[in-house]
Structure formats: C-alpha cells, structure tokens
Amino acid sequence: MGVSHWLLALLLYYAAVSRASEVRYLRHSGRRESGGEPAAGSLGLSAGLGLGGLNNATENPIDLLFEDEADPSAGLKEELVVRGQEVVFECVVAEDAKVVEGDDSVEGEVRWYHDGSQIKGDLRMSIMWTGRLVMSHAVSADSGVWWCRRSGREGPRVRLVVTIPPERPYLEYGDARLAAGGRLTTRQGNSITLNCVVEGGNPAPSIAWVLGGEDISPSSQMRSEWRAEEGVFYSTSNLTLPSVEKELHNSSVACVVRHPALPVPVPVPLRLNVQYPPAFRLRRWPMWGTPVREGASISLLCAVDANPPSSPTWVKVTERGTTEVASSGGWLNLTRVTDTDRGWYKCATVHTFGRFASHSVFINVMRGRTASVSSQNSLLLRKTTYSDGGRYRCVASDATRTVESDDVDVVVTGAPVVEAVNSTVLSIGGRPTALTAHVCGRPSVSTLTWLPPAHLPPVRPGETNDRFKAHNLTASETPDCQYAVMTIVGVRASDAGNWVLVGVNDRGASAALIRLNITAAAHSVTANGARAMSHAHSAATQAFLAAVLILFYAARDRMWA
C-alpha cells in the first residue's frame, strides 16, 4: 500500500472519531462539545454511521450516552441542573497531585476550564479568591466537562448537564387535543390510538403508559425529534388499544412523563367511557324449580347491565307476538296467579344500539282441586287426582244459624302420577341446575328412577353419580304426594336432552319428561320458536311415555305370569 493510501485511511479514521464524539454528545444533550449549538448538517451524522437519526424513537437520551474508554471524560461524575439555576463549583485539589506539564500559573493561582477552554470571569461567572466558581444562572452552552487547577495542579473533572424542562404534556385522539382528566367515549370492540405529546425539553423525556394501574409501556412507540433552532426535543408517544372491551369501562389510562428537570413524574390521565349492549340477569321468587299453584304469588326480577343504561320491561310471548305486562323497576309481581298467567315471559329493553331481549322463562301454574256440590248436598269430585285427597266438611247455613257436619276423609288410590314441575328447563353452562317433579301415589311408589340422556347412567333418590345427585323425596303440601329433585353441579352442554323420572307402585307406573336446554349466553326466543319448541316437546313426551308404559306393563305381565 502506497503512502497516499495510508494518509487517506488515517484521515478517514480521524473523521470517524470526530463524528462519533459529536454524535455521542448530541444524543446526550443535543449540543456539541465545543459549546455552540449543533449545526443543521450534523443531525445526519448518526444516520451515516448506522446509529439511527435523532428523529427515530429513543429512550432517555442520557441512557444512550456512548461510553468510550479512549474518552477521558467517560465515567465522570455528572451534575444535572435546570437552565437558569445557580451553579457553584468548589476547587478541591489533592495535595499529592502533580503539576501539569507546561502550566505557567503562579503559586496559589486558581484557573477554571470548560471543555478545554480557560474561563474568564464576567458578569455571569465569578471566580472567588477561595477558588470557588459561581454561575449566577446556567445556560445551555454551560453543558460539558469542568475542572480547575490550583498552583498548576489539576482537580477532578465534573460533567455538567444543563437541562431544559419540557412544556406540560397533553393527550391527542385523532386530531383533537384532550383535556387532562376528561372522558373518551368509544364503543365496545373499537380500536383507539392515543398520542402523548411533550413539547420542548433537553434531554428528551421518557414517556410511560399506565392502564388501570398496570404498566403497558411495551405496547407503545415513542419518537423524539431534535429542534436545532430551539435546542430542545419534541417528543410523541402513541399507544394503540386494538379492542376496547366492556371491562375497561370507567378505567383510567394515563401517560407518565419523566425528565431530569421535573421534580416528580407528571401524569396525564384520561377516563374511558366504553359503551356496550345490554346483558340480562333474571331471578325468581320462589326460586327456579319451585312449583307454582293457583292462588300463589310469584315475582320475577330483571337486571340489565348496559352502557348507556337502559330500563327493563317484561313481556309475555303469545301466539300473536309479545304483549307487555305491568312491571316496575325490573320487577314483575304476579299475585294470586291463575291458569291465564301460565306461559313464556322474557325481559326486554330499548337501548342506543337497538332493541334487546333476554331468553324466555316459562311459568307453569298447577291447578288446585276441582269439586262441585249437587242439589242433594252431596260432594262430587270430577277427574279425581291425588290432590283431591284430604279431609272434607259440609257446612250449611241460613239466616239464623250455621251447622257443620262431621269431617269426612277422602282417600284416593291408584297408579302413581309423576308430573314435571317445569317440563322445560333452560340453564346457563357452568351454573348449578335443579330438575323437579311432583310424585303422587297411594300406595307410595316402590321404585323411583331418574333416566338421564342415553349417554348417562340412571340415578335413584339418595344416590350421587359424579355431578348428578338425586335427592331423597321431600314432603308436599298435597296428601300422598312428594317432591323429587335432581341437582346438577356445573351443568354442561353434554347434559342437555330429555330427562325422565319413572315411578312405579303395585297399581301401575307413570313417567314425566323434562327437557333440559343449555345455553352459553343470554338470548331471546321468538314466539314462533316458543310454539315450535312446545309442540316438539309435547310430541316427544307422548311418544316417550307411551314407550315407557308399554315396557313396564309388558315386564309386569311376564312377572305375574
């Protein structure tokens, strides 16, 4: 290699070293080491070295200081001051310090240096007789390395960083500037992008994001732009929430700005107002599964969770559609129910997003005793049922007196009667569910068996099989009648289907079919859907009961034969 090539390589090396020194300090304080403001062309040096320009996203510029072992100022103690603040340096020189070669100061003389240039006292800087350096107010040009010499002996060096506080940060959404502490309204599922803007400041600030008390800064992007004419950075951090869910309603999102010139971090909060469609929660008194007889009272409560809020109303599903029934505050109160109250009911509401309705619930009203008195003062019971059993008394009266007869006990015997309290039960997956039937018989049933859908084994009262428990019979208000209850813990979609309860005594057998439907979320059932489901259940019930009875009598005939 010729001499010219060596010279060219040496020139390129020194040019790279000088550029790297300038880029390092630009990243640190936005200024050149010479003390002047950086030239406009100097902003492109870092890009030319493959380090990324100042317009790229950066963290705290102080953290990006390039440490170079060849740099004598690397690893120095740093002192941060705010522009305009008074600065005082003491000249402390170790007794064993050596005299700097070539220094021409006299004994006891104190000299101060800034980035290699000797400082002369002026109106802003004073060098006291004790050697103390006092700056009445710091300016950006004071950033750099400072040291003193006393009697030609050099003291330790200190890096001074003059910081410029940023303006108060603010949030932007789209092209609109948002007020701190305000509310941002959006719909569930929408995507929103917030910008946190910090004007001014040197070095560039750091910006973090907090959502509901959780740090989500990794999801944000920051960009700091150096303004050479002002000697400050303009910084923007943007945060995108790809899908705002209802759980974030009333949550607070904030950007938090930190800067060496700020005594404490500055938060800029914003509250989210997430609009979402209605969700329904239904309750009943007496509880679901409890039979309702004529003359009793029943109450239904509908709670609607929606934003904006909407008021619930109760409607009854009929063949002609839906008819609104009197309710107040989500309460539907039916006192002294009759057969006309039997049917499907659901809760509806009119919301900003449209009209919504809950799933339908069925109220089954069980009829009471049917009796009439003939002209001969005899008691005639038509279509006798076990509920007709009990004690009767005849009461006769005229204008002057009332006469009562002795009590007469009426006992109804025959094959058992098994009736579903609710022939259709609708439950939500994961919740406990109860299936209830009314069992009557004189003599009492000798065998009672729950027959789940085909893939599950039968269960008898007092037995438990996994999540299924058949409870022992409990007393009923009707003579010779009892309640049979099957509870399912954590109902699943696989539990859906036809559940059959078969009761047997020495007079015959009877069975009741309960259709269990499982849903994963609230939904509405139309009038046509309700009728179709009712017809399907009726047909399935008749077919199944006929098959059960045929099998039972066939088995009994074989046993007696």
Pair listing, salt bridge (charged side-chain N to carboxylate O under 4.0 Å, His left out) test, anchored in residues 448-470, at least two apart
R467-D495
Would you confirm whether T318, through its side chain, and G321, through its main-chain N or O, come within 3.5 Å as a donor-acceptor pair?
yes
For I428 and V491 the tightest heavy-atom approach is O-CG1, 3.4 Å
Using 0.5 Å steps for rounding, measure from the CG atom of N517 to the OG1 atom of T433.
11.0 Å
Of all heavy-atom pairs linking L301 and G329, the shortest is CD1-O, 4.3 Å
CA sep, side-chain torsions, deciding dist, call: L426, V361, side-chain contact (heavy atoms from CB on, under 4.5 Å)
CA-CA 8 Å; L426 181 62; V361 295; over 6 Å; no
Polar side-chain atom of H259 near backbone of S206 as donor-acceptor pair, under 3.5 Å
no
Start with the C-alpha gap between L272 and I192, add the side-chain angles, then the distance that decides, and say whether side-chain contact (heavy atoms from CB on, under 4.5 Å) holds.
CA-CA 11 Å; L272 296 178; I192 63 173; 4.1 Å; yes
Flag for R271-N273: side-chain donor and acceptor within less than 3.5 Å
no
Would E324 and W314 count as a side-chain contact (heavy atoms from CB on, under 4.5 Å) here? Give the steps.
CA-CA 6 Å; E324 184 173 341; W314 282 96; over 6 Å; no
Take the angle between the ring planes of W450 and W499 and call it parallel below 30°, perpendicular above 60°, tilted in between.
perpendicular
Find out whether Q482 and C440 are in side-chain contact, i.e. whether some heavy atom of one side chain is under 4.5 Å from a heavy atom of the other.
no
Sequence neighbours excluded, which residues qualify as side-chain contact (heavy atoms from CB on, under 4.5 Å) partners of V266?
R168, P169, L262
Looking at every non-hydrogen atom in both residues, tell me the closest pair between L282 and S358 and how far apart they are.
CD1-OG, 3.8 Å
Is there a donor-acceptor pair closer than 3.5 Å between any side-chain N or O of R492 and the backbone N or O of S494?
no
side-chain hydrogen bond (donor to acceptor under 3.5 Å, both in side chains), that's the test. Do N333 and S299 meet it? Break it down for me.
CA-CA 4 Å; N333 297 311; S299 296; 2.8 Å; yes
Rounded distance (nearest 0.5 Å) linking atom CZ of R223 with atom OG of S235:
10.5 Å
Roughly how far, to the nearest 0.5 Å, is the OG1 atom of T323 from the OH atom of Y345?
10.0 Å
Could you verify whether a donor N or O on one side chain and an acceptor N or O on the other, from E245 and Y276, lie under 3.5 Å apart?
no
Which heavy atom of A420 sits nearest a heavy atom of I514, and at what distance?
CB-CG1, 3.6 Å
Whether the N195 and T236 side chains hold a donor-acceptor pair (N or O, under 3.5 Å, no angle test) is what I'd like checked.
no
Could you check, using the six-membered ring where one of them is a Trp, whether W288 and F362 have ring centers closer than 6.0 angstrom?
no
What closest approach, in Å, do A509 and V504 show between heavy atoms, and which atom pair accounts for it?
CB-CG2, 3.9 Å
Under the criterion side chain to side chain contact (heavy atoms under 4.5 Å, CB included), which of V365, L334, D341, T335 is the partner of I298?
L334
Starting at NZ of K246, measure out to OG of S251 and round the result to the nearest 0.5 Å.
13.0 Å
Evaluate the criterion side-chain contact (heavy atoms from CB on, under 4.5 Å) for residue pair T424 and W344; output intermediate values, then yes/no.
CA-CA 11 Å; T424 301; W344 292 93; 4.1 Å; yes
Test item: N364 side-chain N/O and V421 main-chain N/O as donor-acceptor pair under 3.5 Å
yes
S237 versus W209, side-chain donor and acceptor atoms under 3.5 Å
yes
Qualifying residue for side chain to side chain contact (heavy atoms under 4.5 Å, CB included) with L194, from L241, V268, T240, L270
L270
Non-hydrogen atoms of T313 and S327 that approach each other most closely
CA-OG, 4.0 Å
Spell out, as yes or no, whether a donor-acceptor pair under 3.5 Å connects the side chain of H471 to the backbone of V485.
no
Donor-acceptor contact present, side-chain D480 to main-chain R442, <3.5 Å
no
Just by distance, no angles: are the side chains of H359 and T519 close enough, under 3.5 Å, to form a donor-acceptor pair?
no
